[in-house]
Amino acid sequence: MTGGDIAFLPRGVRTHYDAVRRTDVLMGPERVLMLDAIGKAILERLDGTASVEAIVADLAQTYDAPVEVIAPDVTAYLTDLHGKGFVHVR
């Protein structure tokens with residue numbers, strides 16, 4: 001995954017608050033991943049138009065953190081979810 005890629009949640013995948021687990025989850029067909037605050041913050045920015053680079057810049061501004069620190073973590077997280085089929089890229 002590169003900074004110019006546009007990551008998005010494919011059809012059938014969504015974030016949801018699970019009242020039983022009392023946490024946010026990423027739901028896919030027959031699969032569920034529990035989300036922490038960082039994962040949720042990243043996934044909230046997947047609108048189908050923002051590039052990975054734009055998402056990193058927004059997170060850096062929101063959390064007053066250096067882009068060079070955030071970028072590798074965001075890229076690794078999205079790459080992992082892409083490999084699991086939870087995130088698609090165009």
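Numbering starts at 1 and runs along the sequence shown. Not measured: the values here are computed from a predicted model.
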For R11, all residues meeting salt bridge (charged side-chain N to carboxylate O under 4.0 Å, His left out), sequence neighbours excluded: none

Just jot down the side-chain hydrogen bond (donor to acceptor under 3.5 Å, both in side chains) partners of H16, sequence neighbours excluded, or say none. R14

Sequence neighbours left out, what passes side-chain hydrogen bond (donor to acceptor under 3.5 Å, both in side chains) with R21? Give chain and number order. D18

Donor-acceptor contacts under 3.5 Å from residues 40-47 side chains, at least two apart:
residue : atom : partner : partner atom : Å
K40     : NZ   : D24     : OD2          : 3.4
R45     : NE   : D58     : OD2          : 2.6
R45     : NH1  : A41     : O            : 2.7
R45     : NH2  : T62     : OG1          : 3.4
D47     : OD1  : T49     : N            : 2.8
D47     : OD1  : T49     : OG1          : 3.0
D47     : OD1  : A50     : N            : 2.8
D47     : OD2  : T49     : OG1          : 3.2

Contact list for residues 75-88, test salt bridge (charged side-chain N to carboxylate O under 4.0 Å, His left out), sequence neighbours left out: D80-K84

According to side-chain hydrogen bond (donor to acceptor under 3.5 Å, both in side chains), who are the partners of R31, at least two apart in sequence or on a separate chain? none

Could you identify which residues cluster with V69, counting Ile, Leu, Val, Met, Phe, Trp and Tyr as linked when any side-chain heavy atoms lie under 4.5 Å apart, either directly or through a chain of such contacts? none

Name all residues meeting the ring pair (Phe, Tyr, Trp, His ring centres under 6.0 Å) criterion together with F8; count only those two or more places apart in sequence or in a different chain, and write none if there are none. H88

Taking every non-hydrogen atom, the tightest pair across L26 and L9: CD1-CD2, 4.1 Å

With ring-ring contact (aromatic ring centres under 6.0 Å, His included) as the rule and sequence neighbours excluded, what pairs involving residues 43-82 come up? none

Let's go through M27 and T15 carefully: what are the C-alpha distance in whole Å and the side-chain angles of both, what is the deciding distance for side chain to side chain contact (heavy atoms under 4.5 Å, CB included) to 0.1 Å, and is it a yes or a no? CA-CA 6 Å; M27 297 177 65; T15 58; over 6 Å; no

Roughly how far, to the nearest 0.5 Å, is CG of L59 from CG of D73? 10.5 Å

